[in-house]
Amino acid sequence: MQRQYRLTNQRSFDYIYKHGKCVSDDLFTLVYLEGKYPLYKVGFVVAKKVGKAVVRNKVRRRMREAFRLLEVKEFHSYIIVAHSIASEATYLCIKESIKTLFEKAGMLK
RNA sequence: CAAGUUGAUCAGACAAUCGCACGAAAUGUGAGGAAAGUCCGAGCACCAUAGGACAGAGUGCCGGCUAACUACCGGUGAAGGCGACUUCAAGGAAAGUGCAACAGAAAUAUACCGCAGAUUUAUCUGUAAGGGUGGAAAGGCGAGGUAAGAGCUCACCGAGGGAAUAGUAAUAUUCCUUGCCCUGUAAACCCCACUCGGUGCAAGUAAGGAGGGUUAAAGUUGUCCGCCACCUCCGCAUACGCUAGAACCUAUUGGUAACAAUAGGUCAAGAAAGAUGAUUGUCAAAUACAGAACUCGGCUUACAGAUCAGCCUUGUACC
RNA sequence: AGGGGUAUCGCCAAGCGGUAAGGCACUAGACUUUGACUCUAGUAUUCGUAGGUUCAAAUCCUGCUACCCCUG
């Protein structure tokens with residue numbers, strides 16, 4: 001995940017939370033918003049209630065891997081928020097969940 | 001063989017594909033023993049070069065070690081354990097102040113029941129052996145002594161003082177001496193000795209923007225002295241700080257050890273929404289606690305599954 | 001990164017060296033035809049946890065655990 005595809009500051013996150021649309025299931029919530037930037041931007045959010053540092057890192061890495069394997073639309077910003085039960089899910093569950101979320105939102109190419 | 005005790009070690013490995021961070025690039029490098037808690041100590045940075053006094057805080061047997069320490073090592077003493085061994089904030093109560101509930105006659109001074117004598121039938125005197133209370137009651141125990149008793153006298157043990165010997169010292173042993181002037185608590189205030197200036201990498205430096213100030217305020221520290229000529233604010237908005245260091249590994253030497261010295265070798269994450277993941281295969285099987293954020297030395301806590309060692313200890317059986 | 005606080009019955013809490021007040025709730029009894037109100041009585045095994053100091057610790061000291069707050 002190169003730097004140009006990342007969301008990098010608090011203001012962007014706040015703006016997307018305020019104006020974006022929202023799709024969710026048991027494990028994750030996807031927030032997305034159309035923008036003018038020619039590429040896509042993505043941020044991963046794993047709150048402290050998910051677990052300790054090791055668990056949070058693991059969940060975030062799996063989310064990132066699952067996202068990497070998808071091809072999503074450009075000119076959009078995405079935030080994926082992990083719920084607290086995501087720490088107990090396997091990688092396959094995470095992969096399927098994220099894929100269906102993007103299908104629901106209609107953001108796959 | 002069983003139970004224990006002490007000291008250590010490892011913390012899955014290899015291979016393939018895709019992906020991430022650093023880097024000009026490479027067939028390069030890329031999480032720990034605790035990276036954790038933030039409980040101590042330092043480096044480094046700025047404030048004055050870190051100064052003086054007071055307040056405040058910490059430490060407290062002796063010697064060593066260290067950059068430094070409340071850490072560590074060795075010893076002394078005390079407590080616990082049959083033992084190997086383990087644990088200990090271990091100065092001062094004769095500088096002063098405070099506290100010691102309840103019980104008990106009395107809590108740092110006393111005489112309730114007693115014991116003995118006198119007058120006499122309830123008082124006086126002398127006592128502290130015995131009783132009972134308590135965590136603690138004027139050293140313990142035996143003999144002499146006495147009206148009854150009492151370190152009143154003596155032996156032994158304990159305590160204080162002095163000397164000699166051993167030891168760098170804490171201290172230990174022996175001898176002499178003092179009839180013994182006296183409870184506990186300082187993790188109560190306190191006294192004595194030693195140590196500590198403040199703030200922390202979001203420190204700060206450089207560059208940028210805005211404002212205040214002329215010997216006064218502001219700043220430097222909790223207060224005062226002293227000092228300074230500049231000081232304050234803005235915003236993850238850039239670079240540096242940012243990783244070669246009291247570093248690590250191996251060997252030798254000195255030392256009981258902590259540790260030190262010498263020689264050779266190695267360079268081993270450095271991000272900034274924040275890098276290690278996914279899939280597959282092999283090894284019989286399986287992976288606990290846990291993720292670097294300026295850097296080191298300790299301490300504390302968490303931890304699956306294993307392994308090793310000690311002329312270690314105790315018990316049982318056999319020879 | 002630095003600093004501060006709290007933990008006591010099911011709930012709210014007082015107590016800061018001498019053996020745990022009080023209120024609500026709960027249980028039992030009384031009152032009432034019955035219920036409520038009212039009255040009486042009862043309920044703390046270890047004061048978050050593990051050690052230490054002390055004759056004696058909820059209280060003093062140290063380590064740990066959980067939660068909360070402040071500065072940036």
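We name chains A, B, ... by the order of the sequence lines, and we start the count at 1 in each one.
A salt bridge does not link E65(A) to R62(A): none of the charged side-chain nitrogens sits closer than 4.0 Å to a carboxylate oxygen.
Comparing rA275(B), rC18(B), rA278(B) by their closest approach to the side chain of R64(A) singles out rA275(B).
For rU266(B), the paired base is rA247(B) (Watson-Crick or G-U wobble, both distances below 3.5 Å). Pair assignment for rC154(B) gives rG142(B), based on Watson-Crick or G-U wobble hydrogen-bonding distances that are each under 3.5 Å. For rA170(B), there is no paired nucleotide, since no Watson-Crick or G-U wobble pair has both relevant distances below 3.5 Å. Across all strands shown, rC14(B) is found opposite rG281(B) as a Watson-Crick or G-U wobble partner, with both distances under 3.5 Å. Remark: rG18(C) base-pairs with rC55(C); criterion is Watson-Crick or G-U wobble with both hydrogen-bond distances under 3.5 Å. With both pairing distances under 3.5 Å, rU307(B) is matched to rA8(B) as a Watson-Crick or G-U wobble pair. Base pairing annotation: rC182(B) forms no Watson-Crick or G-U wobble pair, as no partner gives both donor-acceptor distances under 3.5 Å. Pair assignment for rA106(B): none, as no Watson-Crick or G-U wobble contacts are both less than 3.5 Å.
What separates CZ of F44(A) from P of rA272(B) is a distance of 17 Å, to the nearest Å. Following rounding to the nearest Å, R68(A) (CZ) and rU276(B) (P) show an atom-to-atom distance of 11 Å. Here rG19(B) presents its C1' atom at 13 Å from NZ of K95(A), a figure rounded to the nearest Å. Atom-to-atom, NZ of K58(A) to P of rC289(B) comes out at 11 Å; the value is rounded to the nearest Å.
Taking every heavy atom of both residues into account, F28(A) and M63(A) meet most closely at CE2-CG, 3.6 Å. Taking all atoms of both residues into account, the shortest heavy-atom contact from V59(A) to A82(A) is CG1-CB, 4.2 Å. The two residues R60(A) and F44(A) make their nearest non-hydrogen contact at CG-CB, 4.0 Å.
Taking the six-membered ring for Trp and the full ring otherwise, F102(A) and F67(A) have centroids separated by under 6.0 Å.
A sub-4.0 Å separation between OP1 or OP2 of rA275(B) and a side-chain N or O of R60(A) is present.
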